[in-house]
Amino acid sequence: MGEAASIEWGANRVGHSKLRLVKSYTQYAFWRGMVAGLMETGTYVVPVAGNHETQCKSCGKKAKVENENAWRANMGDLILDTTRLTGILGEEATDVDTDRVTIDGADGLTTDQSKLTYSFDFRGSHFVVINTDPVGKDSHAPTSWLSADLSAAAARGVKHIFVFGHKPAFTYYYGNGVALPTSPSGLDIDSAARDAFWNVIVKYGAVYFCGHEHIFNVSQHAAADLR
């Protein structure tokens, strides 16, 4: 998920940066064309940003505000087009929170996270999308915001909670014969922050869906204080 485009910004290379930006917008356009058929045949697509959307590889795999802005420019109309969603699925999404300009200061985020981290209710379930590579906090989840969001959802009496983010909380190692990475590729690069995130997931009985490693894997993990 979240593999729509890759945006690069090189210091003192304005020409190259502009070309990369044009290329990324082209990739977004191709992605939109690929999923258009789903929207036309009964499936509403909810986008999730990944590291290829927010980070700059040539900058040391760091998220850039230009890339966050490019995400909103190309995906913002889908997050969340309540009229189209209702037309496709026959029911409204409620308690929609997509236009949050800033996230709770406790998460240490300083850039606009609207349409990157967002949530809504649908048919008695709560759906959350988080940006796992925000500017200044790469490979981190907005745990404080998530805790407040899930608390409010639980108070509304939702039956199920589903959280979607690009990077895994627990890096999956492929097994024998595969070289292990020199460091975790997910949120576990900062184990204390990952544990705080996972405690929230466990507390509210949520299911976390993620991508990044390009392989199918299912796992179950206890809260940090129970491991």
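- Between Cys56 and Lys62 the shortest side-chain heavy-atom distance does not fall below 4.5 Å.
- Looking at every heavy atom in both residues, Gln113 comes nearest to Glu68 through NE2-OE2, 3.0 Å.
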Apply side chain to side chain contact (heavy atoms under 4.5 Å, CB included) to residues Val129 and Val46 and explain how you reach the verdict. CA-CA 9 Å; Val129 171; Val46 179; 4.1 Å; yes
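- Between Asp149 and His126, the shortest heavy-atom distance links the atoms OD2-NE2, 2.6 Å.
- Placement of Val135 and Leu146 in two distinct hydrophobic clusters is found when ILVMFWY residues are connected by side-chain heavy-atom separations under 4.5 Å, directly or transitively.
- In this structure, the side chains of Trp71 and Asn131 stay at 4.5 Å or more apart for every pair of heavy atoms.
- To the nearest 0.5 angstrom, Arg123 atom CZ is 12.5 Å from Glu92 atom CD.
- Remark: Val45 engages Trp31, Val35, Leu38, Met39 in a side chain to side chain contact (heavy atoms under 4.5 Å, CB included) (not counting sequence neighbours).
- Comment: Asp99 engages Lys115 in a salt bridge, judged by a side-chain N to carboxylate O separation of less than 4.0 angstrom.
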For Ile161 and Val207, what are the C-alpha separation, side-chain angles and deciding distance, and is it a side chain to side chain contact (heavy atoms under 4.5 Å, CB included)? CA-CA 6 Å; Ile161 297 175; Val207 178; over 6 Å; no
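- The cluster map of Ile, Leu, Val, Met, Phe, Trp and Tyr, joined by side-chain heavy atoms under 4.5 Å apart, puts Phe209 and Leu80 in the same cluster.
- Tested against His212 for a side-chain hydrogen bond (donor to acceptor under 3.5 Å, both in side chains), the candidates Asp133, Asn51, Thr132 yield a single pass: Asn51.
- Rounding to the nearest 0.5 angstrom, the gap separating the CG atom in Leu89 from the OH atom in Tyr44 is 9.5 Å.
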Residue pair Val128, Phe162: steps toward the side chain to side chain contact (heavy atoms under 4.5 Å, CB included) verdict: CA-CA 6 Å; Val128 185; Phe162 304 101; over 6 Å; no
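- With a 6.0 Å cutoff to the six-membered ring centre and a 45° limit on the axis angle, Arg194 counts as a cation-pi contact of Phe170.
- Remark: Glu91 CD is packed, more than 12 non-hydrogen atoms of other residues, nucleotides or ligands lying under 6.0 Å away.
- When the side chain to side chain contact (heavy atoms under 4.5 Å, CB included) test is applied to Asp77, the partners found at least two apart in sequence or on another chain are Arg32.
- The pair Asp121-Arg156 meets the salt-bridge criterion, since a charged nitrogen lies less than 4.0 angstrom from a carboxylate oxygen.
- Using cut-offs of 30° and 60° for the angle between ring planes, the Phe164 and Phe127 rings count as parallel.
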Apply the test side chain to side chain contact (heavy atoms under 4.5 Å, CB included) to residues Glu213 and Thr171: give CA-CA distance (whole Å), side-chain angles for both, the deciding distance (0.1 Å), then the verdict. CA-CA 8 Å; Glu213 295 194 345; Thr171 296; 3.1 Å; yes
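- Listed by chain and residue number, nothing satisfies the ring-ring contact (aromatic ring centres under 6.0 Å, His included) test with Phe122 (two or more places apart in sequence, or in another chain).
- Residues Ser147 and Val200 meet the side-chain proximity criterion, which asks for heavy atoms closer than 4.5 Å.
- The shortest non-hydrogen separation linking Tyr204 to Ser151 is OH-CB, 3.3 Å.
- Between Val202 and Tyr208 the shortest side-chain heavy-atom distance does not fall below 4.5 Å.
- Under the 4.5 Å side-chain criterion, counting only non-hydrogen atoms from C-beta, Asp81 is in contact with Thr83.
- Atom CH2 of residue Trp145 and atom OG of residue Ser119 lie 4.0 Å apart, to the nearest 0.5 angstrom.
- The two residues Ala49 and Thr54 come nearest to each other via the heavy atoms CB-CG2, 4.3 Å.
- At least one donor-acceptor pair under 3.5 Å links the side chain of Trp198 to the backbone N or O of His221.
- Rounded to the nearest 0.5 Å, atoms NZ (Lys137) and OG1 (Thr143) are 9.0 Å apart.
- For the residue pair Ala141 and Ile130, the shortest heavy atom distance occurs at CB-CD1, 3.9 Å.
- Within the 4.5 Å cutoff, the side chain of Asp190 has no heavy atoms near those of the Ser139 side chain.
- Scanning both residues, Val163 and Ala206, for their nearest heavy atoms gives CG2-CB, 4.1 Å.
- Ring geometry for Tyr118 against Phe120 counts as parallel: the plane angle stays under 30°, on a 0 to 90° scale with 60° as the upper cut.
- Atom CG of Asp138 and atom CD1 of Ile189 lie 9.0 Å apart (nearest 0.5 Å).
- In this structure, Arg72 and Ser114 have side chains that are in contact, with non-hydrogen atoms separated by less than 4.5 Å.
- To the nearest 0.5 Å, atoms CG (Asn69) and CG (Asn74) are separated by 11.0 Å.
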